[in-house]
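Here is the structure we will look at.
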Protein chains: 2
Amino acid sequence: MTKGYSTSNDFDEVDLKLLTFIEDDFDVSLDELSDELEISKSAVHYRLNKMKESGVIKGITADLNPEPFELDMVAITEVSVTHEKGYSTDIGNKLADINGVEQVYYTMGDVDFMVLTRVQDRNQMNEVIDQMVAIDGVNETSSRFVMDEVKNNPKFMNNFSQE
Amino acid sequence: MTKGYSTSNDFDEVDLKLLTFIEDDFDVSLDELSDELEISKSAVHYRLNKMKESGVIKGITADLNPEPFELDMVAITEVSVTHEKGYSTDIGNKLADINGVEQVYYTMGDVDFMVLTRVQDRNQMNEVIDQMVAIDGVNETSSRFVMDEVKNNPKFMNNFSQE
DNA sequence: AATGAAATCGACCAGCA
DNA sequence: TGCTGGTCGATTTCATT
């Protein structure tokens, strides 16, 4: 974040509306956004550029469907570590680097990491768990299988609009 | 998914390379992709269109930075339900609809749902938890605060390339 | 599936409020 | 600083192979 936008106060209504739109769908033309926001195409472009440069917009990405890749086995694993050595950013990164691991959170409380894994089948899941316990400092793991991904598409602007 | 791409076998190397690129960064020119894949710009465009239409590419979205919105409080909550009535898709959807709730998974085992919540402060977090326990059928909740989001940017192609 | 040409759209710039 | 309008280059579309 090079400049501007240190707090939410730096956004006007048009910015918020723009962000809400493009967080949901960026596969639209400038004309469409221009119509919706009732500002000129150039102005839309100007605001987008500014937010990209400032880091408010981290990037533009394609959201893929896991189904065609048969990535339909998902598990959530609690990982406990032995609290000997200095702290566990190291272990967190090693967990994150395992193939199939999608999300890693370092948490307060009885367990240290929550890990979400997505793979194609039980064999791959076993491999992932094996790699977790093989990490130096990992003490114990406990996994739950996900039967249904009710919601897994974070949209910050939804959370923010409650303010 | 209207046609094609029912299994991973329907993708050739170029498709996989293309998907790997755009899942990470779609803010690139056709020329860049054309160079990288060593096919013509039109061919890139053709493949992209096909994958959008077939649903392999679910959409193009902007990835936003939570920091400017001060959405830096994250918690993971285990939700248990009373298993009386018919099943709990209903409860899952109600959890998903709560403002601030980002992810909801229906899981096997001792708890029924894992919920990830992102809000601005403790007050908002309390509100969210209140709304969870207020849902009819919700029995018990247990929350852990997230100290560090080690990894939270799912990339299917990373998981897939292990195959 | 892929190509090349024609039509459309987006990126960039100088200038203005 | 935010925006405008115009130019140029990039993208989309389509007939063709």
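Letters A, B, ... mirror the listed sequences (proteins, then strands); counts begin at 1. For clarity, every value in this text was computed on a predicted model and none was experimentally measured.
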Can you tell me how far C1' of dT11(D) sits from CD of Glu32(A), to the nearest Å? 16 Å

Take the protein atom CG of Leu30(A) and the nucleotide atom P of dT4(D), then report the distance between them rounded to whole Å. 13 Å

Taking NZ from Lys41(A) and P from dT7(D), how many angstroms apart are they, rounded to a whole number? 14 Å

Whichever of Lys52(B) and Ser40(A) has its nearest DNA chain D nucleotide further upstream toward 5': Ser40(A)

Would you indicate, yes or no, if dT11(D) has its OP1 or OP2 atom less than 4.0 angstrom from a side-chain nitrogen or oxygen of His45(B)? no

Winner on side-chain proximity to Arg47(A), out of dA1(C), dC3(D), dT3(C), is dC3(D)

Take the protein atom NZ of Lys50(B) and the nucleotide atom P of dT3(C), then report the distance between them rounded to whole Å. 14 Å

Spacing of Leu33(A) atom CG relative to dC3(D) atom C1', expressed in whole Å: 17 Å

Checking contacts here: which listed nucleotide (dT3(C), dT13(D), dG10(C)) is nearest the side-chain heavy atoms of Ala43(B)? dT3(C)

Distance only, no hydrogens: is a donor on one side chain within 3.5 Å (strictly under) of an acceptor on the other, for Gln103(A) and Gln103(B)? yes

Rounded to whole Å, please give me the gap between CG in Leu18(A) and P in dC3(D). 11 Å

Quick one: Asp10(A) CG to dT1(D) P, roughly how many Å, whole number? 12 Å

Taking C-beta and beyond as the side chain, do Arg144(B) and Glu78(A) meet within less than 4.5 Å on heavy atoms? yes

Looking at the side chain of Asp31(A), which of dT13(D), dT11(D), dG10(C) is the nearest nucleotide? dG10(C)

If you check the Asn49(A) side chain, which of dT12(D), dC12(C), dG10(C) turns out closest? dC12(C)

From Leu71(A) atom CG to Phe156(B) atom CZ, the distance as rounded to the nearest 0.5 Å: 7.0 Å

In whole Å, I'd like the distance from the CD1 atom of Ile39(B) to the C1' atom of dA1(C). 10 Å

Would a hydrophobic clustering, with Ile, Leu, Val, Met, Phe, Trp and Tyr connected at side-chain separations under 4.5 Å, put Phe11(A) with Leu64(B)? yes

To the nearest 0.5 Å, what is the distance between CD1 (Ile57(A)) and CG (Asn65(B))? 10.5 Å

Applying a 4.0 Å non-hydrogen cut-off, can you work out what Ser42(B) is touching in the nucleic acid: base, sugar-phosphate, or nothing? base

Indicate whether OP1 or OP2 belonging to dC3(D) is found under 4.0 Å from a side-chain N or O atom of Tyr46(A). no

